[in-house]
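Structure, as structure tokens:
All of these numbers come straight from a predicted model, not from anything done at the bench. In what follows, chains are A, B, ... by sequence order, proteins preceding strands, each numbered from 1.
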2 protein chains.
Amino acid sequence: MRVSREQVAENRRQILEAAGRLFRQRGFEAVTVAEVMKAAGLTHGGFYGYFASKDELIATTLTELMAAPDPERVTLEAYANRYLTSEHMADCAGGCPVAALGTDIGRQSPAARAAMTEGLRRQIDRLGEGAARDDRRAARQNAIGSWAAMVGAMILARMSDDPALAQEVLKETRAFIEKRAKRTPGES
Amino acid sequence: MRVSREQVAENRRQILEAAGRLFRQRGFEAVTVAEVMKAAGLTHGGFYGYFASKDELIATTLTELMAAPDPERVTLEAYANRYLTSEHMADCAGGCPVAALGTDIGRQSPAARAAMTEGLRRQIDRLGEGAARDDRRAARQNAIGSWAAMVGAMILARMSDDPALAQEVLKETRAFIEKRAKRTPGES
DNA sequence: TAATATACATGATGTTGATCATGTTTATGA
DNA sequence: TCATAAACATGATCAACATCATGTATATTA
């Protein structure tokens, strides 16, 4: 039951997409290789034709997830306002990989960590881009602090079993970042 | 081979401490009941005399970890400066439970989430305490935003396989928070 | 001190899940 | 068109683990 070249590429895409969603939803350990394959419309047997191990699947999935670049150049505040929403909070499977899996990354393979580190670098650069040429340093600091706040806020909000508290965290962190970004220039 | 009443209490303490360290170090799923018991100086068999299940151990451990209150009243900046350090970054097993396990909490039992939510509430209150009576709202916002930034920064730093980048994240987030806190009064 | 119940060690059990082995079908290249 | 090898389905294997069952020694208490 061989399959066409394009079908293979498509299958690989499906596997990685399914893995991306399942891992973000339920975590690396809780998701089964067989489950991923089923979600991709295949059976477990074929898996090792695509990846050497579950670890390799994890690393490849993370690389894929972190690669997707937002091409549009947005301001920090605009980005934060899209990030810190109820929709994003509800959509763990389709949302930010760091907010979904962050605390597990340190326990994964070197390849997985490398993918995330690369993504972190890119994200800091991107978020710092909007700034004037003369305060690059402040812009980078804003990018880092704001990105940390976004990630932390989403994790805290998702942790909470009280929706009101979760909303408060998102909203106040939004305001925190916005205020902060306005006063970028000239700080010690 | 019965054991004295105090020994039982001591054993329970040891189990919870071992669990707290192991979970933070390696995550909930990767840690084995037998491992926890061994680290507590016992064998796996006795476990179910203390807890009904691994899930119950997780919930109880988190409750315990989140209960520990810093009695000292510190400023936000002081707290952040203790939190965002290389030492804390290296000491995952003994450090902040949110930074170690945050993204896994949403996948745990209701009891576990409740414990974390309670801890989050307490933490926000504590960090907001230092403020003057007249800008409670701003103080609370600062507490939330800063706490989110701390948690996020620690997670990002631990994620990175590049020590320099990790240090930068810690340092810049420290500065980001400090800046913010200095100019609290009179905001929209 | 004797009787009892308890805490724990040792040793199952049953399931789950990663990974491998094999056979069948069919795209591909000659 | 044919031979070949790739993809994948089905069906092992093998180990890890949560949880349970049982026996034993000893703290407790009457």
Notebook entry, point to check: Among residues 25-40 of chain A, which contact DNA chain C at a heavy-atom distance under 4.0 Å?
Noted result: A:V31, A:T32, A:V33
Check: Is B:F47 touching bases, backbone alone, or none of the nucleic acid, heavy atoms closer than 4.0 Å?
Finding: nothing
Note to self: Can you measure A:I15 atom CD1 to D:dA7 atom P for me and round it to whole angstrom units?
What the structure shows: 12 Å
Notebook entry, point to check: With a 4.0 Å cut-off, would you call A:R126 and A:E129 a salt bridge?
Noted result: no
Check: Any side-chain donor paired with an acceptor under 3.5 Å for B:D162 and A:T117?
Finding: no
Checklist line | Separation of D:dC17 C1' from B:L57 CG (nearest whole Å) | finding: 15 Å
Checklist line | No-hydrogen, no-angle side-chain donor-acceptor test under 3.5 Å, B:Y79 and B:Q123 | finding: yes
Note to self: Tell me the interatomic distance from A:K54, atom NZ, to C:dC20, atom C1', rounded to whole angstroms.
What the structure shows: 17 Å
Checklist line | Spacing of B:R12 atom CZ relative to C:dC8 atom P, expressed in whole Å | finding: 12 Å
Item checked: Nearest-Å distance for atom pair CD/P, residues B:E56 and D:dA18 -> 15 Å
Notebook entry, point to check: Rounded to whole angstroms, how far apart are CG on B:D55 and C1' on D:dC17?
Noted result: 14 Å
Next item on the list: Give one of base, sugar-phosphate or nothing for B:F51, where a contact means two heavy atoms less than 4.0 Å apart.
Entry: nothing
Check: Taking only side-chain nitrogens and oxygens of B:N11, does any of them come within less than 4.0 Å of OP1 or OP2 of C:dA7?
Finding: no
Next item on the list: Might you work through the side-chain contact (heavy atoms from CB on, under 4.5 Å) test for A:L57 and A:F47, ending with a clear yes or no?
Entry: CA-CA 10 Å; A:L57 172 65; A:F47 178 77; 3.8 Å; yes
Checklist line | Min side-chain heavy-atom separation B:H44-B:K38 under 4.5 Å | finding: no
Note to self: Each nucleotide in nucleotides 20-29 of chain D should get exactly one letter: B, S or -. Can you fill that in based on protein heavy atoms under 4.0 Å?
What the structure shows: ----BBBBSS
Checklist line | Short N-O contact, B:E77 and B:R174, less than 4.0 angstrom | finding: no
Notebook entry, point to check: Can the ring centres of A:W147 and A:Y83 be said to be less than 6.0 Å apart?
Noted result: yes
Next item on the list: Write down the distance between CD1 (B:I58) and C1' (D:dA18), rounded to a whole number of angstrom.
Entry: 12 Å
Note to self: Any carboxylate oxygen within less than 4.0 angstrom of a Lys/Arg side-chain nitrogen, looking at A:R122 and A:D125?
What the structure shows: no
Check: When you check the gap from the basic side-chain N to the acidic O, do B:R82 and B:E87 get nearer than 4.0 Å?
Finding: no
